Every structure is written in structure tokens, then in C-alpha cells.
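Here's the structure, in C-alpha cells; my notes come after.
Reminder, nothing fancy here: chain letters follow the sequence lines and each chain counts from 1. The model shown is predicted, which means the values in this text are computed figures rather than measured ones.
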Amino acid sequence: MLLETVGLTKRFGGVTAVDRVDLGIAQGRALGLIGPNGAGKTTLVNLISGVVPADGGTIRLSGSDVTGRPAHRLAALGIARTFQGVRVFRGLTVEDNVLIGRHTRTRSDALARLIPRPRSAIDADRARALSLIDRVGLGRRRAEVLAGELPYGDQRRLEIARALASEPLLLILDEPAAGMNPTESAGLRALIGSLLVEGLTILLIEHDVRLVMDTCQRVAVLNFGRKIADDVPAGIQRDPVVREAYLGTEAVA
Amino acid sequence: MRRLVAVGIGGVLLLASCGGTAAPSANPATATVAAPKPDIKIGLATAKSGAANFYNPQQSNGALLAVEQINAAGGIAGAKLQLIVEDDGSVRDQGITAFKKFIEQDKVAAILGPTLSAVAAGAHPVAQAAGIPVIAISNTGLGIVGKCDYGPCDWIFRASLGEQSAVPETVKAATQKLGLKKVVIIYGDGKFELDDLTIFKDAFKANGVTVTKEIAYTAKDVDFAPFVTQAKGENPDAIVASSLAGPAGKILDEVAKQMPGKRVIGGNGLNSAALLSNANAGLMVVGTAWSKASTDKTNTDFVAAYKTRFGVDPDQFAAQSYTAMTVLADALKRSGSATDHAAVKKALEGVSSLATPLGAFSFTADHDVKQPTFVMTVKDGQFTPFQ
Amino acid sequence: MAEQLYNAVFIGSIYALFALGFALVFSVLDILNLAHPTVFMLGAFIALFVIGTLGLPWFVALPIAVLVTGLFGIALDRVAFAPLRRRGAPALSSMISSLAVTLIVVRLVELRYGGDFITFPAGSVPAFVFRVGDATFEGIRLAIVVLSVVLMLILTYVLRRTQLGRDLRALAENPRAARLLGVDVDRAIAATFFVSSALGGLAGVLLAFAYNTLDSRMGVPLELRAFTVMVVGGMGSLPGAVIGAYVLGLGEVASLVYLPTELRDAFAFGLLFLVLVLRPTGLLGQKSPDRV
Amino acid sequence: MDAVSDFLRTYSTTIAVIGVSALLALSVWLTLYAGQLTLGNAAFMGVGAYVSALLGRHLDTPFPVALLIGSVAAAALALPLGSIVFRLRGVYLAIATLAFGEIVRVVLLATPITGRGQGLNGIPPKTELWHIYLSVLVVAYVLWRVQGSTIGRAWAAIREDEIASASQGIAVGRHKLAAFVIGALIAGWAGGLSAHVTFSIDPSDFGFTKAVQVLVFAVVGGTPNVLGPILGAGLLTALPELLRPLKDYRDIFQGAILLLVIIYLPRGLVTFVDVRRTRRLSRIGALDVA
């Protein structure tokens, strides 16, 4: 298992947002995480990526315990993520956004830059950033555009490019298809597929159940902070508990 | 970018240089008509703006009146005096710049000012280094003349009554007339107040009075009741306010309320026209350099002339700058040359019992003012001698 | 000791009266209005103008000063804050624009009245004195003590129980949502500034009356104290601000009595610093300074 | 050439003060660039000023060494302070650093060796104009180069979004602290230089007013690049000198400029240098640095 959580728990005041959740994602696989609104999906992602500390349980990455590590450490260890409500650096260019994604893979050049040198060639980091911008379908022509100027769907793609820039072991995508039209969504599906082919491990949180079923080898279902199912897609579709949870809440909504 | 930085700095310097050459023609307050001999220029650095700006009109006007009178009476051996006034902004660097301008550009014979002691701490060393005589006209603190932190300060003279002269006189008079045994000092945390604190403590010691408690307030204190309550606990014979006028007013009110019958002894900070309208001003005992009520002819003439010229009564700051200019003119007449700074300095040292609104005026060996101290209180909204 | 306690309560009341308006604007609009000390000073000078130049009695000057400073508050918002709000500028910008207004107004007052402190014309300031046994109480001081608590109660009531209060709380919570819910946001903001500045003006007049002293920088010493009071009480809480004011007043007097004099001034800022570091939400704070 | 040297001799203090202001504005700019509003730099300036002046006076420390120690002392104070206060954000951070500044002032007032309220007088005027302007150039150059480096990008990212920055592997706390400490280092250096210009320092030189003034320089000048703070400090220090007739109205004038800039040129005067980008930023509502 590349990533493993055991009994992961988070409480906010009296509410247990994540309740003793065990998850496992094998190297090179995609795990889908679904569940109704407020089921604790984003909190779980925040725990795994170190944005909020856990109240209980352990997180293991490639077998070693990383519980309690802050977000920037986990990023350095190979966990990259996107955010449900897009968090690109709006006032910076597309290229700078992606370069910041490479922060952990770049040696600090602050001292080296004090000696001025001719800007002869595009350096390796910039080249890699541009190719990532191409890869997520933004097009390197837009490298100098400010991130805040991009349409919403493109900002999501930029977030993915930024996350990939760190050459992660695990990529967490938090509702990447939200706000995308069917064409963009199809492009996203293709991108995820090709990343899996290259051996990347993915945790995909998504409302678009079809996208999850099509791309993930396993699917876990959360409800009220608890994992109520964890199975191959076909098994999930048949699971009465899952149907109950979904239909129950869907009916209310 | 590097180019831009350079252009930016260059631009600022360029702007500054344009202003620098334009400013002198626009600014100086000249008080002369064309004269056969070249004018003798005198610089006055004063707080036209900034924290101490309220001293200014009187300080400038006093000097201006003296210059006008001297010129009307024929000037200095046929040469007219020309007063150049520069703003010291109540801050050190602008005071220094004003002094440097007087010395480098205007080539003045002597300088008066600046208004605040803290500004003088920066400006006076400039004149000292250049060897230009300076007369301080409102600095009362320690280290202005005599023994100065920046080394010798023999080019600096002082026409304002220093607290180390005024306070001992005040303390002596108060001790005798009020029969003081023990006092409490309430003091502020500024340079002026701390200087006063030191001087007061020495003066009381010399007069055999015990200072039972020293209570500090800060520039940020709003209410003075707690300080006076603390002082009251010592049951002193009088309260000493080592403070500026604003806090002093509040201390007077609190003493009147909490310790009826007790007096407030103060330094030059209490010597403020703004305190005259305070209902409890009658409690204060303060040593001043000047008394408007003095019936000395030089003084009554000065008061009348000032009132005619400017439409208001002069205050101590006007009297002191007027006096300094009178003293300087006297020295210039005797020096033989206004451009020979050493001669002017020597002549200043020779000023002896000159009649001025402050009384008979001389300098001590330390170049400090030697003049009578007026120990005053307030009656009917006027400073009157303390009996 | 009893006397010092009374002194402390009085000082606390001054801080409270000053901080209430400050805290109101912060709690509703998240603006740190650095022009509040200027409004305070302006109140005192308007009273001086009405009494000294127009020759009217103090009980006319007081309401006029309060009204004019209230209107000034609305103008202040239009000039310094509204343009920034439209642009969605961050908190720093409004701190700076309010500072700019302060520079301008203080200097204008100095051009008219000079930079030195001045007093009201003799006999024009109310001077009621009550005697209880040996102790004397001045009317103005008692009024300040009572008002600071009464105004806090009224303000809290208004915020909790009235339509305006509900509008303001909606505004504080989320301006966009408030607008969608039909709150007249512009009117609510104008009301906030009117009330805040009128309170500041009232504090200025009362304090000037109490000391019969006013000057163009009279609000400055209270400014940093108001920060302390708000932080200690809890940013955004009006009762918290009043409690914070009394804590500070008592602490200052206690440190005068018990601490070496040199360390006394460090008390306010030390307290401020400690509370910020140890309990940033203050005593009664609801807003977390660590909102993400 | 005579006119120039006359001019320099007369206005050397003003020109020196402009340079020192530029250094201070740069020191604040740095933390602003990383998205933090701190008001402690006047206090750091004071630490640099007092430490270097006292070393010169009591230990005859050579001037450059005294400057360096003063500057390092300011940074050494900033390190623990920053570690504590950077848990706070926005207005709270501003207030906490302001409180720290006041504590420093009170300590200076209470300590005999600093001359208490009387301050230190008779400090030898060792600072030459070229010391100051060389410092401005070096600091501006270094900050400009660092701005485009990995660290500079990290600061910009933190300013835009702290949480997203942490998730890119940026040690947010350490980077903020670095900006703060380097800022203190610059402010301390500026303080040491300024103490040896005006013969005398006292605690009131480093209080709230100064803190605000320095911030105003940085903001009026503009925050997008290092040119802004230099421009702001230069303009706002020089203008009152240039427009002497304006003097009585100086505050009104400065206030009006400040108001106009913050409302109409929120990225400061350097907006003029980079109008297109500013327009684009304003469209997406990401205009302001702090």
C-alpha cells in the first residue's frame, strides 16, 4: 500500500467529521471516494494532506508513519493535491503557479541569482512547467496569463498542473470535474487515465459518480464521517447500504 | 529594473535640487530696505510646523521686532540686519538642515534657535563644528551650554533661562514662603521633564527638603487622578509637577480637588499662557525668565511696541527671542566685523548687564544666561509675582 | 485604596467610552478605523466652537457635537472606506485611508486652533459636584462612568433585538448574503458609522469637559489603549470591549500602586501582547483571528 | 560644480534622511510582499540605532562593526518575536507588532544606559551619504534578485494563499519568519546609519508615528517591486522640503496624496510603471499586496 490510514478521526466541537476511517491505496491505482454532501470527504483529504491535524488514528505513506506531519512536509514526501474550491494563486501567472508547484523539487536559487547571468536558455524547471501546462490542456501560450484571469474550468486544470509539478507519489483530486462541461470532463478523464498508465497513484473525490466508476479500481463510500463501503466499482453499485445512504439523502435534498 | 532604480533615485535628487535653488528666494522673511553696506544676515531656526509649532508666531515675531527696531535706529554701523527664518519642523533632521543652510548658503553672522532642546541636540553641533555663534532662545534643558555630550560647545550661547538657574530660585522661594519639609514629584517621561526632575531633586536637597516619592507618568496617560492620589498618600507639603503645560493643568485640578490648600511647584513647562485660564492656576508656583508685569522701562517699551506691531501681547518666547536679537546686535556693534565669527563670539562673551525685557543681561563663563528669575503665580488670569 | 479604585473605574470608563465606537465599526465591518481618535478630538473641538465662537451653552453644544461627529462618520465612510469596499480591498487599505483622513483633519484643526492645548471659556463647562460624606463626585465623571455602561447595554440591546441590529449582524457575518436577504447594506453601514462616530464625539466632548482641556492630539493616547481594550475583550464583542476597558484601567492603576514606576507603561502593551499570543480571541471574543 | 557641492553640503541631512527612509520602506516592503502587515520595523530601527551608538560610545567599536552588530541585534530580536506573532494574521498581526514596538519604546525609556527619555546625545556623525545610498542600492538589488527566486515566488504564493502554499511544500512559517527577520536586519542597519547622521536619538524617534510613516512610504510608493518603496520614501520625505511654502499644509497634502493613492492607485505610485498588469490584476480582484 502506498497510502494507508488506520482509524483516522477528526472532531470539530461535538461533531465527528471523520470517524475511524481505514483506507488503503495500492501503488499505481486510483481510489475513488464518494459520499453525500457533508459526509467528511474534504475533511478526510485535509487530514491526509496535513492541512488539519488528526485527533486520532495513523497515516502511513509507503509504509512509514507520517501522522501529524505538517502539510509542507507531506508535500515534500510526495503528497500533492487540488482543492475543492479552487485555490490557484490568482495574482500570479500560470507559469509561476506551476513553478511554485515545483518548490519541493527545486534547490533554492536565491543566492545564485545574486550574480546576474545572461538568460540564455530556458532552464529545466521552466521547461518542465511549460510542458505540464501543455499536458493539462491549457496551452503554453497562456503561460503569462494571470491565474485569476482563467475561466473556472481552466483554473482547475492549472491546479492539477501545479500538483503534478511536484512529481508526487500520490495525487489527491478534490472534485476536479466540478464546473467542467462534458468536453472538459472527457479531457480530464483521459488525463487521469494517462497518469495512471505512468504509474501515479490517485485519490479521486468526485460527485460525478460515472467518472469515479470509470477511472477507479476501487471505491470507498463515506457517510456521516464513517466508511460504509469499500469495494470494486461494480460491488459498490450493488451495495444496498450505499444505495440507502445516497437515496436517503438525495430524497431529502 | 536596475536602470529604473537608478532613474528613480536620480529623479528624486533632481527634484530636490530644483526645490533647493528655488526655495531661498521664496522663503526668507526679510525685514530690510536697500542699504549701502551689505546686510548682516541672522538665521532663526524655529518650529513653524510639527509638534512645537505653537511657540512659533511669538518666537519669530520677537526677533523680527528687534530687527526692525535696530534697523530703524540705523542698524549696525550702517549695515542693516536681515533676519532669515527657517522652519525646523520640530524634528532633528530638519533643524540640522536649517542650520546647514544658514551656514553654507546664507553665510549668516549668527544663528538663533532652534525651538526644541531635542532638535538643538542635533543642530547645535553643526554650528559648533563650523564655528558660527548660536544663541539658544527657548532651550531650557541640560547639555545645551557648558558641558555638552558632543564635546566642546563654546560657540553656543543661551538667552533662555535654563532650568538649572530658574528651578533652584523657585525652590528657594517656595521653601521659604511655604515652609516646605517634604514634597512629592510627579514627572513625565520626556527629555524636558526628566531634566527638570534631576534639577528639582538637587534643588530640594540643597534646601533641606525631602522628596518622599517620585511618580512617573507617560506621554500616553490620560487621567492624572491616580498619580495625585498616590502622592497624597505621602502627605506632602506641596506637589512638584515636572511636566509640560497640558498634564500640569490636569495635575493642578486634581491637587485642588484631592489636596485642598496644597500648592503645585513647577518648572518652565507650567509657564504657559494656556494655563492662565485654568481655574486652579492660582495654586502654581513657577520660576520664569520674564514677567509681563515687570515695570522696568525696557520691558514696558517692549510690551507696548510688540502689541502695536502684532496686535497681541507678547509672551515669554517673544521676550526671549527679542532679547537674544538685542544681545546679538550689541555684540555685533562691538565686534567690529560681522563676518569675523570669532570676534562676534568674543563680543557676545563681553555682553554685560545689557538692558533687556528680561532684566539686566549677561552671559556666565559657560555662556549661559545670567539674569533674574521671576518666581510667579497666577492671579486673575495673569502671571503675578509669588508673595 | 477606595479612591484608587474609583480612579480605576473612571479610567476604565473613559477607555470603554472611547473603545465602544471603535469596536462597533470593527465588529460590523472588520475595519480598524484609525480615524476614530480624530473623530473623538473633533467632537471636543466642535463643542468648543459652539461654546466659544457661537456663545451657546454646553447643553446645546453637546448634542450638536454628537450629531456633527455622527455625520462626519458617514462622510468619513463615503470618502475613505466606501471606495475601497467597492473594490474589495483588504483591511490594510482601510487602515491607511483612515490614517490619511486623520492627517488632514488634525492639521485643519491645528490651523484654526493651534497645536497647543486650550480650554473652554471660563465658567462655560458644567461643574456639578455631589458630596457623599467626605467624598466628592463630579457630575461629568459620574456621567462618564454611567454612560459607558449604559451605552454598552443599549448598543448590545440594539444589536441583539432590533431590526437594525439584525441587519448589522447579517452584514458582519457576510455582506453579500446580507444584501441577498434584502438588507439595505448601504443604510446599515451608514448607521454603523453614524453611531460609532457619534459615540466617539460624545466621548471627546465629555472628556474635554471633565478635564477642561482639549488639543489636536488628544485622541492619540487612547488609540493604542483602544487596541488593547478590544483585543483583551475580544475583537468584535462590545461587552468584551467594556470589560477589557475596565481590566486595563484597573491594571494600570494597580501597576501604579504596586510596580516600580518605570515599568508601569509596559503594562498595557505587555497585556496586549500576552493576550494576543495566548488567547487571541480575547475574553469574550467570537471571531477567531485565525479564520481560513 | 560648486553649486552642486554647496547644495550637497546644505541638504546632506535631508538627502541622508531620504535614503534612510528608503531603506526602512524596503524593510517593510519585504514583509508586505510576503503578505504580512507588520508595524515593528520602527522598533527594529531603534534597536539598531541604540546598539550601534552605544557600542561606539562605550566600547569604541569601529563604525561598520557597530552597524553590523546593531543590525544583527535587531534581527536576533525579530527571530523569537516572529516565531510568536506569526500565528496571527492581518489586523491582529499588525496590532501585536505595534504592541511590541511600544514595549521597546518603554524599555528604552526605563533603561539608564540608553539615556532614558533624554536619549543619547553627541553621537559622532560618522555616516556618509555614500554609506546610505550604497546600502539602498545593495538592499534593493538583493531584494529584486531574491524576488524572482524560489524564495521570492514562495513569498508571493504565501501572500496569495497560505494553505495552498503549504500544500505546495512551502514551509509557510519559516518563509514568513525569514521575510520578517531580513526586514528587521535592514531596519536595524538603517537605524544605525541614521543615529550617526543627526547627533542624537531618543525613544520618541522610534514610536508609533515612525512605524506608520514607514508603512505609508511603502504603500504610497507601491508594493509590486522594490522601486515602489524607494520612490515612496523619496517623494514623501523630499516633497515637504521642496514645497516649503506648503509646509503648514504639509500634513493635509500628505494625507490627500495618501488617500488618493490608496483609492485610485492601490498598487502605489509604481503603478505608472506597470499600468497594464495592474489593470489585469484589478479585473480579477487580486490587486492588493497585503
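D:D205 and B:R92 get closest at one heavy-atom pair: OD2-NH1, 2.7 Å.
Within the 4.5 angstrom heavy-atom criterion, only side-chain atoms of D:R105, from C-beta onward, approach chain B.
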Mind running side-chain contact (heavy atoms from CB on, under 4.5 Å) on B:K101 and D:Y11 for me, showing each step along the way?
CA-CA 7 Å; B:K101 178 180 168 289; D:Y11 290 99; 4.0 Å; yes
Is there a side-chain contact (heavy atoms from CB on, under 4.5 Å) between D:T198 and B:I96? Walk through the geometry before answering.
CA-CA 7 Å; D:T198 54; B:I96 294 173; 3.8 Å; yes
For a side-chain contact (heavy atoms from CB on, under 4.5 Å) check, start with the C-alpha distance between B:D149 and D:F199, then their side-chain angles and the critical distance, and finish with the verdict.
CA-CA 10 Å; B:D149 282 333; D:F199 298 91; over 6 Å; no
side-chain contact (heavy atoms from CB on, under 4.5 Å) between B:E193 and D:Q118: does it pass, once the steps are laid out?
CA-CA 9 Å; B:E193 295 94 319; D:Q118 276 131 321; over 6 Å; no
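Ranked by non-hydrogen atom pairs under 4.5 Å with chain B, the options D:D202, D:I123, D:N121 are led by D:N121.
One finds the CG atom of B:D106 at 8.5 Å from the OG1 atom of D:T10 (value rounded to the nearest 0.5 Å).
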Quick one: side chains of residues 13-26 of chain D, donor-acceptor pairs under 3.5 Å with protein atoms, not counting sequence neighbours, listed by atom name and distance.
residue	atom	partner	partner atom	Å
D:T13	OG1	B:K100	NZ	2.7
D:T14	OG1	B:T97	OG1	2.9
D:S21	OG	D:V17	O	2.8

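D:D6 and B:Q105 share no donor-acceptor pair across their side chains, judged by distance under 3.5 Å alone.
Below 4.5 Å, heavy atoms of chain B meet heavy atoms from D:E102, all part of residues 96-103 of chain D. Within residues 134-143 of chain B, no residue approaches chain D closer than 4.5 Å by heavy atoms.
For B:D154, the salt bridge (charged side-chain N to carboxylate O under 4.0 Å, His left out) criterion is met by B:K345, not counting sequence neighbours.
Atom NZ of B:K107 has more than 12 heavy atoms from other residues, nucleotides or ligands within 6.0 Å.
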